[in-house]
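Quick note: numbers below take in every heavy atom, side chains included, and nothing from hydrogens, waters or symmetry partners. If you're wondering where the values come from, they're calculated on a predicted model, not measured in any experiment.
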Amino acid sequence: MTRYALIVAGGKGLRMGGELPKQFIPVGGKPVLMRTMEAFYDSDSEIQIILVLPHSQQDYWRQLCRECRFSLPHVIADGGETRFHSVKNGLALVKTPALVGVHDGVRPFVSPEVIARCYKLAAEKKAVVPVIEVVETVRRLTGDGSVTVNRDDYRLVQTPQVFDAELLKKAYGQAYTSLFTDDASVVEALGESVFLTEGNKENIKITTPFDLKIATVLTESCSI
């Protein structure tokens, strides 16, 4: 079955504190987004990569590809007003039957094992999400304070979230609501169940200067 990786990269880098969108910031001499795409291609050289970028950033991306001699095969879809609309635009390029994984463009450290396992499970489960355990104490805010909750009842969600393509297309045919915080929440709105599988702790989402420092360390450790 055809496998797609829909890489969503619509960030403006506001929390990073600079003008350069976070997906283009270099880590170890290479833009974050290129490292993310390579993670999928290295895991599966036959995967079809769809990159979703704001139209205003696409010329700059092509310039970066030329400068870095980045020739990994991919097609580009226009980003939308929200992440929901960006994913929907990318899905328009997906031909069914297929499996499609939606991944944040600023998560370059997803492991090959997690990628492979998510796609393998999605062929059976239809909707698969990688998660990691919560290791810190968690408190829930109440009207007059806060209370400790059992962290064993919670998981931190990562990407790629991998789905049967027909199911995901159907889910994204729904009207948008702010309650859609990720692809799993869109699928669950249809009444479908989502299967959880173990992610990898290194699979951080680079959104702040502190994240960028961690990314630099991870890149250096991987190159040793």
Are [X] and [Y] connected in the hydrophobic side-chain network, where two residues link if heavy atoms are under 4.5 Å apart?
| X | Y | answer |
| --- | --- | --- |
| Val194 | Val186 | no |
| Leu53 | Phe70 | yes |
| Phe163 | Phe180 | yes |
| Leu33 | Val87 | no |
| Val187 | Leu91 | yes |

Using atom types as modelled and distance alone, determine if a side-chain donor or acceptor of [X] lies under 3.5 Å from a backbone N or O of [Y].
| X | Y | answer |
| --- | --- | --- |
| Gln48 | Glu46 | yes |
| Asp44 | Ala116 | no |
| Thr197 | Cys118 | no |
| Arg139 | Ser146 | yes |
| Ser86 | Thr82 | yes |
| Arg35 | Val27 | yes |
| Tyr4 | Lys95 | yes |
| His103 | Gly101 | no |

Is the closest side-chain heavy-atom distance between [X] and [Y] below 4.5 Å?
| X | Y | result |
| --- | --- | --- |
| Leu190 | Gln174 | yes |
| Thr219 | Phe109 | yes |
| Glu220 | Thr216 | yes |
| Asp211 | Lys205 | no |
| Pro112 | Asp42 | no |

From [X] [atom1] over to [Y] [atom2], what is the distance, rounded to the nearest 0.5 angstrom?
| X | Y | atom1 | atom2 | value |
| --- | --- | --- | --- | --- |
| Met37 | Gln23 | CE | CD | 12.0 Å |
| Ser43 | Glu38 | OG | CD | 13.0 Å |
| Thr159 | Asp183 | OG1 | CG | 8.5 Å |
| Lys169 | Thr96 | NZ | OG1 | 6.5 Å |
| Arg151 | Glu136 | CZ | CD | 8.5 Å |
| Ile132 | Arg155 | CD1 | CZ | 10.0 Å |

Step-by-step salt bridge (charged side-chain N to carboxylate O under 4.0 Å, His left out) determination, Asp104 to Arg83: CA-CA 10 Å; Asp104 298 319; Arg83 187 182 188 281; 3.5 Å; yes
Plane angle bin for Phe84 and Tyr176 - parallel if under 30°, tilted between 30 and 60°, otherwise perpendicular:
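Rings of Tyr176 and Phe84: tilted, 30 to 60°.
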Which heavy atom of [X] sits nearest to which heavy atom of [Y], and what is that distance?
| X | Y | result |
| --- | --- | --- |
| Phe195 | Leu121 | CE2-CD1, 3.8 Å |
| Tyr154 | Val134 | O-CG2, 3.7 Å |
| Ile47 | Ala5 | CD1-CB, 3.8 Å |
| Val129 | Ala184 | CG2-CB, 3.8 Å |
| Leu93 | Ile76 | CD1-O, 4.2 Å |
| Ile115 | Ala39 | CD1-O, 3.6 Å |

- Query: Side chains of Gln58 and Asp78: is there a donor and an acceptor less than 3.5 Å apart?
  - Reply: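 Result is yes, a qualifying pair exists.
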Please assess Arg107 against Gln158 for the test side-chain contact (heavy atoms from CB on, under 4.5 Å), listing each intermediate value before the final yes or no. CA-CA 9 Å; Arg107 287 187 186 268; Gln158 300 182 329; 4.0 Å; yes
Practice task
Go through Ile206 and Ile25 one step at a time and tell me if the side-chain contact (heavy atoms from CB on, under 4.5 Å) criterion holds.
Solution key: CA-CA 10 Å; Ile206 303 174; Ile25 294 176; over 6 Å; no
Is the number of heavy atoms from other residues, nucleotides or ligands within 6.0 Å of CD (Glu81) greater than 12?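 Not more than 12 within 6.0 Å, no.
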